[in-house]
Amino acid sequence: MPRFLEEEGLYVGVRPSVANRNLNKMENRLLHEPDKGRKWFGEDGRLKALPDPLKKNPSRPFMTDEQEPYLETVFRKAVMREFDYRYIDGAIDGTGRYQLDADINSIVFSHHHLFSREHVLATRLTDLYQDYLARKKKNMTEFLIEKVHILPIITLCCQKFLFKLHCFCRHTRTVKDKEEEMDRQLLKNIIHTWKELKSIREFQNYNNTPIKLQVIKEETSKKEDQLHWKQEIEEEVGELQEDFEENYRKELERYKEDLDRYEKQQAAKAQEKKKKKIKEKEMSAADRELLNEEDLLQPVMPETFDVKLTREKVKAKAMAIRRRPGEPKLFPELSNTATITPTNQCPRGEQQRRDDVSKTKVFVKILFNDKEVSRTPSKPLSQDFRVTFGQIYNLKIVQWPESIKFQIFEARALGNDLLADLYAGIPDPSVTSQSVQLEEMDFSTDLKIDKTNEGVGSGVPFTFDVHGTNTMILMTTGILCSSVAWAVDSDGTPLVPPTTSIAPTNYYNAMKMMDPVAAIGASGVVDLDKLAKWFQESRLDPNDPNNADLVFMLGSKSTNVMQSRDFFRLEQLQQEFDLATDEEMAINRRFRLLTLRDNEIPEFKNYKMAPAYERELPRDLFMEYERKQREEERIKETEDIEAHRAAVNRFMQRVREQVMRRFRLAQHQKRLEDVVIEEVVPNIGIVFTRLLHFGEPRRPLRPIRKERKKVTATAVRGEQVKILLNIIRASSIPIRKSAAGCLLYWHQGRAKSLSKVSKSVGSSFDNQEQILLFQPLVRPYIEVMFQRNTVRTSVGDGPNPSFNEELELPLKVTNDDYSSNNLQSMNDIVYINLFDEMVVDMSHDDREKGTVVHQKLEKKWLGSLEIPFSTIYLNTKIDGTFRVNTPPVLLGYVYEDAMKRSDLESVLTKTEHNTYISMFLTIEPQLITPEPVRERFSTNEDEKLLLHAEKWQQELTNKHPKRLYKPSVIDVNGKSVFVTRYFKPLNIPDDIKDLNLTTEGTAERVAHYVSMIPFVSDTVVFPGLCDIWSTCDQFLRMLAGDEEEHAVLLMNYFLHLGKRAYLLIGSAIPEGPTAYVLTEEGSDFWFWNASTGEHFSYHDSNCPVQVVGCIMNQDNVWGNIQSYEKPVQMDFNIANTSAWRPIFSRSYPSPMLGSIQPEMLQYVATDKKHAEDLQERIEQHLKNKIMDWRSRTLTRWNRHCTKIMRKLLPILEESRGQEISQHHLEELEKQFSAYKVSGFPMNMPFVDLEKLVEAVFSTGVHTQESAEEFALAVYIHAYNNSVLSVWIYVASLTK
Amino acid sequence: MASNSVFLLMVSGQIESAEFPEFDDVYCRYCFTHGQDWLITSGLEEGITQVTKKSQDEKQRFVWNFPIDITFKSTNPSGWPQIVVHAYGPDVFGTDVVRGYGNCHVPITPGRHKLKIPMFVPESSSAFQKLTSWFLGRRPEYIDPRVVAQGEGREVTRVRSQGFLTLSFNVVMKDMKKLGYDILPSDISHAAIVESVGPAPTSSEA
């Protein structure tokens, strides 16, 4: 039975809602379980289910990705503000709080234009009374009276200062008299004014002021007064008498003196007069003077003291200034007790005046630094001309207080009248609002206001009386009760600016906070030395706190700062940051590795994962590098026979280092094109040619090689890189002499039989012919050697075989570094050798002849072709027909065509025997070629010229992208040089000149000389570099260079010989882009390959020059703008402007550039003995090498043969490798008659032994097993300047 | 090599999202560059993300959440790896053009880092070229995107920023301290921090 838990009162949660269908399905499924899924069902018979876990509302707080806006930092730019002297803190928003409190209490007018006459009098009375009160307070008169009384008594006491005391006494008395007089006068005035006031009040019949004066009389006894009076008079008279008597005494004395002098003079004059009478002429000057003297006045007797008169005088004075005896003492007393007549009882005028008064309003403006900061409310004037403000104005200030001004205004119906400007003093910092007291400030104004009704006006005359006498003018005046003080905040701290007075130092203090330069102090700016000097000169007190900064700055660094430093550090703190000293850097191998890598030394340039610790460095890390270094050292040191070579190497090393340094600098300067790909703006020409391509007919019989995908250096890793050779065919291979003889015979026989026209052909003849045909003419095959790996083709047939074979050679690269820099610097050479395969019968045993075939294959070298790897790499593919270098003498072989022709023919026409190979060479996969380095080197050329040249080049290159145009090149200093500067006639070597050959002969000889200078590609000399052109003297010193150097030198020689020569830039096979020399030979043009010494006519279809880009000489550069670029099809008339575009034309004439070539080439005759030494060494070395290679068999040397060959070699040198005459050959063959000789001479420039060994090895002479004896001869012809032509004759001899 | 002391830098993370306000259908490529003393021991050096459309909300964000996981081995912190991200998207004619290049160093401290890098593109060198490049759908591009990770040759280019890209990195390191490199502040035992650089504060009466 199912239970109903809910009904039983148990808590049952809300089950999650599941569709009934699903529930049923599930239940169904569970019921099929073995135990009927009992545990899945609850007691209520339903599937067990937990209550719905989901909450109604999500409890997780909502998270936003956005940052809370109030948490975001806001960038505020730091603002550097000018220091403003006006502000206390230096800026308007300074932090300090400063406050001034201005208390404006009240204004009382002491005159106002609305004063009535009564007011004027009342004011005057009040003033007088104030005076009186003040005087009374001081009580000066009493004091003086006392003093006068007491002084005579003192006089009696001390007789010492009698005279002084007398004086003092008298002085006191006069002062007392004055004071008494003033007192009396004042009293009189008060009473007078009061009387006036009273009369006015009576007159006008109303009271305006509450002033009332009461005079209190104090009765005195007349007797006492008279006694006093008399006594005083007597005293005074007595004093006067004393004075007089003293004076009298003095006067008397003087009188006597004067009298005496007078008498004397009179007497003297009388005497003179007498003298004058006696003899007038003899009168002396003194006498005359005496005579002329003015007569002294006769002195007057001083008067005696008149007591009576004096007493009268004193009495009169006393009467005037003193209270008369018996007169009562008067004490005025002013009070405000009089009642003011109420306004309604006043006459109309007065009523109006009072009205006006109460209408008048007054206010005060407060100006701080001449800016109004606040103003009081305008308050009405009270009837007693008083305004009470009673307000304190708080001024929060940021500026230094300069002035605080109060302006008092009277508000009127229209506009305000400025009554007065009052300047309040800027309070001392000690004056705070707690301690300040109100000050009274008088003010007055010269404002003229006419009187109205009863008012007296201001600045205008008025009278008191009706009858108009006694006019007077009064100005509006008054008193302002105010105070200014510094405020005090709630903490009791005064809000006062930093210092008391506004002295410049304060500015400086404040400025320090604002201005870092000022704060750092002058130390960073001024010369410390000068400062110190000034400090000493000015003798500043070092103990003065004002100088503390300065003393600290100068003193703390002791005296050495005072001395001048004679160096300047760029990075003063560098030492602090150096982790290691220079020595440590040098010793530590890890640091050394890192330094070398940073310097891009080839061995370490791509060194990966430089270890973290020195100890983990591989031991042999620097071996290779150090070995190389040592070698270089050795080169520098050896004083061997190769001394000159060493010098050459040194020079080259230096040039290389210099160029590399410049190049590295240039390489790290990028252009926009190096960084950003940007589509060039399409020009109409490009679009047009593109369209043309679409219309081009398909030519299935002329297949075009497909472009392969280029592979980057990084992708190559791990893959095998191969050199692919497709050898198509060879032509005109020399044939064996043995076969040739038969062939000749056969030909002749054939001719004979033809001439005979015999029908009967002998069987024997036929037989013979068959044998002849059976014996092959030549069985050529081609062997390719690269990095000592050799592959070969199958054997072809006949002198013109067709191979059509594809060969593969692996490419081994140092360090597995396929970067273009590394590949460029590889100087391996692909040797392509042409061999004749000979089948040699081995069996000498006649018995076996019938049954056993015992044969041996032997190869005979016929010629070779050398292609440097760099050429293949840089051109990506080499395709074409190449001429094979064949030895001038090839013993045992003869050319087929030579044989075909009659002997006569061959004598008449000089035939060229050239063997050709057609092939295709490339690297698989195609490696990315280095981007042609854009020549952005510094230059000394004219900017305009280069611009013109660049424009010229740009224009032509756009039209003919395949052609090379080269207006400027790079010299060994890494600077761009205009190309025509390289051309200049240069003297030919002396030894060739001495031969006195014909021009033609000399030309050929010179070409040979040039070709004997070793060829080294620029990419090898300057890895990763473009073409560098060295001048001829540099070239001769380096004794190494590539096509351009050879060509330039040859051309300069030709110019010297008077030929019309040009340098031709273009591309040829197999060199690729290269330089040839073009000479005009009558109607013909010859192309000279300067590095081989050969020349071709332009008619020659086998001419290696494929593309002519431009030609140039010392005057101009002409770009090829013809539609054809192969020499055969071209017009070589450079005057034809439709064919050649010159760089300097009429529009841009030649600037006549000077040459950078030397004036003359210096030639040094090479030491013959030294050459002979070298010759012997080479021979010995080669012999040893061949014996090494043939280590399995014995190698015998035929001396006789060698001797013959030695004789022959100089003759070959004479003929410059051209075929030697038949007669020589015959001679040679006669000598060799005993042997079957196969061998050949080779000619090459001398580079080093290795190269020679390699060349001999590639011929494979040593592999000829059948040879019984060998012969080897070496001859060196030494030309000037150590240019060595090496001849090696190797031959194998068979009996 | 095995005996050599190396430290490991393990980086995982995501190319999370980007903001390119004007474009749509953007995808990214990324690659790591590093110095010569670094080696990738595991993980991909380069990658390409899916194309993503911008979100419909007002944020208009491109979200890829493309995982990055790479481990470096190194002997020398010089040449610390950098990630270079370059985004592409179709222009009005449907040709893919570059939308931005950006790069940043892998963070040098362990932990989780979230970085927002600006994405910029090189500008055409003239107004006319800008027009033609717009027409032809061939905007200027870097020959090698790794250029943005190095300073050399940058002075010749002019660029414009086009958006932002958010990257997150989780960085774990091993043996860095063993080789003597302190990368966490707590590693620095003798902190010689200059207390105040510049002028000493002047006392003022105010």
Side-chain angles (χ1 to χ4, degrees), chain A residues 65-66 88-90 94-98 496-499 506 508-521 523-524 549 590 593-594 597-598 604-613 615-618 667-682 712 714 931, chain B residues 1 3-7 16-17 35-39 59 61 73-78 98 114 121-126 128-133 135-144 147-148 152-159 166 175 178-181 198-206:
Chain A
D65 264 356
E66 302 298 309
I88 296 167
D89 289 331
T95 46
R97 282 176 60 221
Y98 313 108
V496 185
T499 36
N506 296 317
Y508 186 66
N509 273 342
M511 212 163 82
K512 262 187 175 176
M513 284 158 38
M514 293 295 298
D515 187 359
V517 176
I520 291 164
S523 63
D549 285 353
R590 177 168 176 262
L593 170 68
L594 295 177
R597 186 172 70 177
D598 191 48
F604 304 103
K605 194 179 167 190
N606 290 316
Y607 194 87
K608 298 260 155 45
M609 299 286 284
Y613 294 114
R615 58 169 189 271
E616 287 165 355
L617 255 72
Q667 203 180 30
H668 285 274
Q669 285 174 350
K670 305 219 166 167
R671 285 211 251 181
L672 183 66
E673 296 91 87
D674 301 335
V675 182
V676 177
I677 312 172
E678 198 172 11
E679 194 78 344
V680 281
V681 178
T712 55
T714 46
E931 282 290 309
Chain B
M1 269 294 181
S3 66
N4 273 3
S5 307
V6 294
F7 64 87
E16 288 193 344
S17 58
Q36 287 186 314
D37 293 330
W38 291 74
L39 208 69
K59 283 180 190 165
R61 195 178 280 174
K73 181 170 94 172
S74 171
T75 57
N76 194 345
S78 164
V98 68
K114 193 167 181 177
V121 287
E123 276 279 275
S124 293
S125 43
S126 70
F128 182 61
Q129 288 202 325
K130 197 169 180 170
L131 183 80
T132 52
S133 71
F135 268 118
L136 297 170
R138 298 264 194 95
R139 309 282 168 91
E141 282 180 29
Y142 285 121
I143 288 173
D144 183 0
V147 166
V148 300
E152 195 181 287
R154 287 276 278 278
E155 73 277 10
V156 300
T157 62
R158 288 180 297 169
V159 299
T166 312
D175 289 346
K178 217 158 104 184
L179 291 187
Y181 299 110
T202 50
S203 61
S204 64
E205 293 94 320

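Every chain is numbered from 1 and lettered A, B, ... according to where its sequence line falls, protein lines coming before strand lines.
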**Prompt:** Should B:Ser125 and B:Gln129 be marked as a side-chain hydrogen bond (donor to acceptor under 3.5 Å, both in side chains) after you check the CA-CA gap, both sets of side-chain angles, and the distance that decides it?
**Reply:** CA-CA 7 Å; B:Ser125 43; B:Gln129 288 202 325; 2.7 Å; yes

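- Of the atoms belonging to B:Arg154, not a single heavy atom falls under 4.5 Å from chain A.
- For the set B:Val156, B:Asp37, B:Leu39, B:Val147, the entry with the most heavy-atom pairs within less than 4.5 Å of chain A is B:Asp37.
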**Prompt:** Between B:Val121 and B:Tyr142, does a side chain to side chain contact (heavy atoms under 4.5 Å, CB included) hold up when you go through it step by step?
**Reply:** CA-CA 9 Å; B:Val121 287; B:Tyr142 285 121; over 6 Å; no

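- Between chain A and the options B:Leu131, B:Asp144, B:Thr157, B:Thr75, the largest number of non-hydrogen pairs under 4.5 Å is found for B:Thr75.
- In this structure, the portions of B:Ser124 lying under 4.5 Å from any heavy atom of chain A include both its backbone and its side chain.
- The shortest non-hydrogen separation linking B:Pro140 to B:Val98 is O-CG1, 3.8 Å.
- Between the B:Arg158 side chain and the B:Pro122 main chain, no donor and acceptor come within less than 3.5 Å of each other.
- Proximity to chain A is limited to the backbone of B:Lys178, based on heavy atoms less than 4.5 angstrom apart.
- By the side chain to side chain contact (heavy atoms under 4.5 Å, CB included) test, B:Gln36 is found to be paired with A:Arg597, A:Asn606, residues two or more places apart in sequence or in another chain being considered.
- Only the backbone of B:Ser74 comes within contact range of chain A, with at least one heavy atom under 4.5 Å from a heavy atom of that chain.
- For A:Tyr613, the side chain to side chain contact (heavy atoms under 4.5 Å, CB included) test picks out A:Arg615, A:Glu616, B:Ser5, B:Leu179, with sequence neighbours left out.
- Proximity to chain B is absent for every atom of A:Leu617, based on heavy atoms less than 4.5 angstrom apart.
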